[in-house]
Each structure stands twice: as C-alpha cells, then as structure tokens.
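Comments concern the structure below.
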There are 2 protein chains.
Amino acid sequence: MAHVPAQERRKQFVEAASRVISEKGVSGATTRAIAQEAGAALASLHYVFNSKEDLLVELVRWAADFNQNVIAETPLPAGSGVATAARTILLMWRSVERPLVFSQFDILLWSMRTELTKNESVLLYERMVEQFGNLLEHAATPKERKSLDFKRLAVRLIVICDGVQFGTLCAGPDYISDAEVVDMFDSVIKTAVKT
Amino acid sequence: MAHVPAQERRKQFVEAASRVISEKGVSGATTRAIAQEAGAALASLHYVFNSKEDLLVELVRWAADFNQNVIAETPLPAGSGVATAARTILLMWRSVERPLVFSQFDILLWSMRTELTKNESVLLYERMVEQFGNLLEHAATPKERKSLDFKRLAVRLIVICDGVQFGTLCAGPDYISDAEVVDMFDSVIKTAVKT
DNA sequence: GTCTATAAAGCGATAGAC
DNA sequence: GTCTATCGCTTTATAGAC
C-alpha cells in the first residue's frame, strides 16, 4: 500500500468500518476485517488509532456529522410552506442507501452503551430536533409561523423518519411508499399547533 | 447449581442473553457473560445449545413471540373506536421496560444479518401489520369499518411505535410525551381512508 | 445435568525491519 | 508510514470426572 497521510488514512478506516458494520454488525467488525476492507495492514490501523474503541468513537462522530449534513444540504426556499419542506426532508432522508442506514442504527446503539459517546448521542438527538425545527420554521409561511409549534413538529418529523427507516430496513423497500410517508406527515402538521 | 430440566434451562439462558445484550449489546454478549448471568456453568450452555448462534436464534424467536403477545394481550372491546384502540396499543407498547427495548432493537438488527433468521424477521413485520390491522378493525365502529384502510393504518401505527421507541431510547424518556404520541396517531387516522 | 480444566481458534495490540 | 510476524489474552466449544 502506498504512503497516505495519517489524516486521510483515518478517514479510510472510518469509512471501511462503516461498510463492515453494515454487513456484519458491530459484533462482527473486527480490526482485521476493517483493515482488510480499507486495503491496509492491521498495524496501520493501530498506527493512526490508539485502539479499536477510538476508531468506533470517530465513526460515531462521522455518522452524526453525516446526518447533520444531509439536513443542512437540503435545499429549502424560505416561505415555501411547511408541507413542502417536510416532503423534501423526508424524501432526502429516505434516499440514504440501505447499507449506510444499517450501520448508522448499529453504531448508534453501540454509542448509547459506551460511556465516552453516550452523552454525545443524546445531544445529537437534541440538536436534530433544533435543526429540523429551524428548517421548518424558515420554510414556513407567515401564517404558519404564527400558529405552528415547530419543536413539536420537529419531533414528529423525526419520529416518522426513524420509524420509516427502521421498518424499511426490516420489512424491505415495499414497507411504505414515499407518497404514504408524505401523507402521514401532512396529517400530522395540522395538529402541531402552539398551545 | 441444582439440576434443572433442559427445557427450562434453555429459557433461563435465553432470558439471561436478553439481559446481557441490553447492557452490553450483541458484541459484548459472550457465552461466559450469559452463563454467569444465568447462574450456570459455561458448559451447561453448550449442553442445551449446540452453539452460541443457536442460542441467539432462539432469542430472536423469543423476542418475536414477546412482541406478538404484547399486542394479543391488549384488551380491546369491540366497537370502542379506532382512536381508543390505538391509544391503548401505543401506551401498552411504551410500557415495555427500556432494557428490553434495547435488546430487542439489537437482536433484531442481528437477525437481519443472519441467514437463518433474516426471513423470519421480515415475516415478523408482515405479521405485525396484519395483527395490528385486525385489532384496529375489530375495535372500529361500523362507520369507521366502511371508510378506513386498516392495513395503511396498521403500518402508520407501527411507524410511530418504532420511531417513538428508538427516539426515546436515544434521547431519553422526555423525548415525547404519551399525550403527544396519542395526538400524533389521532391526526394520522383521519387520512388513512380507503382509496 | 452439573462441574473444572483445557483445547483450538480468533481477538486487539505491539515489535521491529524496511 | 508501511509491512510481516508474533505476543498475550479472550473467545467458543469440548473432554471427562462426578
């Protein structure tokens, strides 16, 4: 293997770990399997990471960043309305490839049981609620902005995203259609009003 | 350890495995940890199970049965209306203790990657949709029975259950309130009409 | 059906040459 | 920064006495 800067090598190992986990789970993700997937020697992994746990912690953060970016990069014109915005987010969310979703759920469960990453993952959810809420509020019409509770709306959107993702992972791509997902959220918008 | 019939020992190991997985995940669930949790010698585990995989397969089925029973044992008077029925199911679902939910998600992800159990888990979701649908239809008023699409409704209910469970696991018990969950499903009922 | 002891394989991590 | 080779430990699984 050619020489590669340590910074870049780290990224290669993290992405390799994600692919291995998507296939075999965290329980099957050995350092040997990850190194092979990255096309590097086992010793190279320990050259750039102090331990296997360090690598997984970086994967947790990489996965969290990925999620944040999926949302941040969603194009949402201001004033286009909450329904349109939610539709865009939902479909963007669903377009993430199955293997990646698989590893995301697995590594998230792992992080919840790891002292070093537990709090970060809890914070990830809080930040996601905030981010979704801001996005929806930004896209809302003036009338919607006055009446809707955007934090409630954000939680509802995430609940639907998670439920759809997990169900689709288990039951297959025909579990629920795009139109049905959008329809579900449309129904849920109307009652998320300020109290 | 006293002599215990093999049939009963199997159950003890399966339940011990569930507890260990809820704490450490599938990746941390070693045969030694499971045997210790069950209060038995490691050799006893291999006396009643051919392999560790066999034990996990039985755990997958045990978890699936548990889910089916949670639903089956939910008391739902006929004609009480879909909203009441859904409310009862949602709250029943949420009452499952956190450690059990934790291990259920973990073992379900594991089963999806295991050739022997993959198809069973896909079938579990199909059966759940059917079971939820029947339950809701049974509880429906005559008017609802004519207008509502119970399969669509069942999928929506499961999406919300999964999303709420996973989010609560990650973000904590304050992620979403019971009232909000019920309100969400109420909103979603109205638009799940026959096409 | 229980146990202790151990085999055989795989694991994370390191040494040391290049 | 890369590699091969190997250490020390843990893992699953088995042998054999009780």
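Worth saying up front: this structure is predicted, and the values here are computed from it rather than measured.
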Length of the line joining B:Gln36:CD and C:dC3:P, which is rounded to integer Å: 13 Å
Protein-nucleotide distance (B:Leu42, atom CG; C:dC3, atom P), rounded to Å: 11 Å
Minimum-distance nucleotide (side-chain atoms of A:Ala43 versus C:dG1, D:dA13, D:dT4): D:dT4
Protein-nucleotide distance (A:Arg32, atom CZ; C:dG12, atom P), rounded to Å: 7 Å
Distance in angstrom units between B:Lys52 NZ and D:dT14 C1', rounded: 17 Å
Set of side-chain contact (heavy atoms from CB on, under 4.5 Å) partners for B:Phe66, sequence neighbours left out: B:Val70, B:Val96, B:Leu100, B:Gln104
Closest to the A:Ala41 side chain, choosing from D:dT2, C:dG12, D:dT4: D:dT4
Carboxylate-amine/guanidinium proximity below 4.0 Å for B:Glu180 and A:Arg156: yes
Salt-bridge present (B:Arg87, B:Asp183; N to O < 4.0 Å): no
Whole-Å distance separating the CZ atom of B:Phe13 from the P atom of C:dT2: 7 Å
Nearest-neighbour nucleotide for the B:Val4 side chain, D:dT11, C:dA13, C:dT2 considered: C:dT2
Minimum-distance nucleotide to A:His3 side chain [options: D:dT2, C:dT2, C:dG12]: D:dT2
Distance-only donor-acceptor test (3.5 Å): side chain B:Arg9, base C:dG1: no
Interatomic distance where CG belongs to B:Leu45 and C1' belongs to C:dG1 [whole Å]: 14 Å
Salt bridge present between B:Arg113 and A:Glu23 (N-O < 4.0 angstrom): no
Phosphate OP1/OP2 of D:dC3: any A:Ser44 side-chain N/O under 4.0 Å: yes
Separation of B:Asn50 CG from B:Leu45 CG (nearest 0.5 Å): 11.0 Å
Interatomic distance where CG belongs to B:Asp54 and P belongs to D:dT14 [whole Å]: 11 Å
Length of the line joining A:Ile34:CD1 and C:dC11:P, which is rounded to integer Å: 11 Å
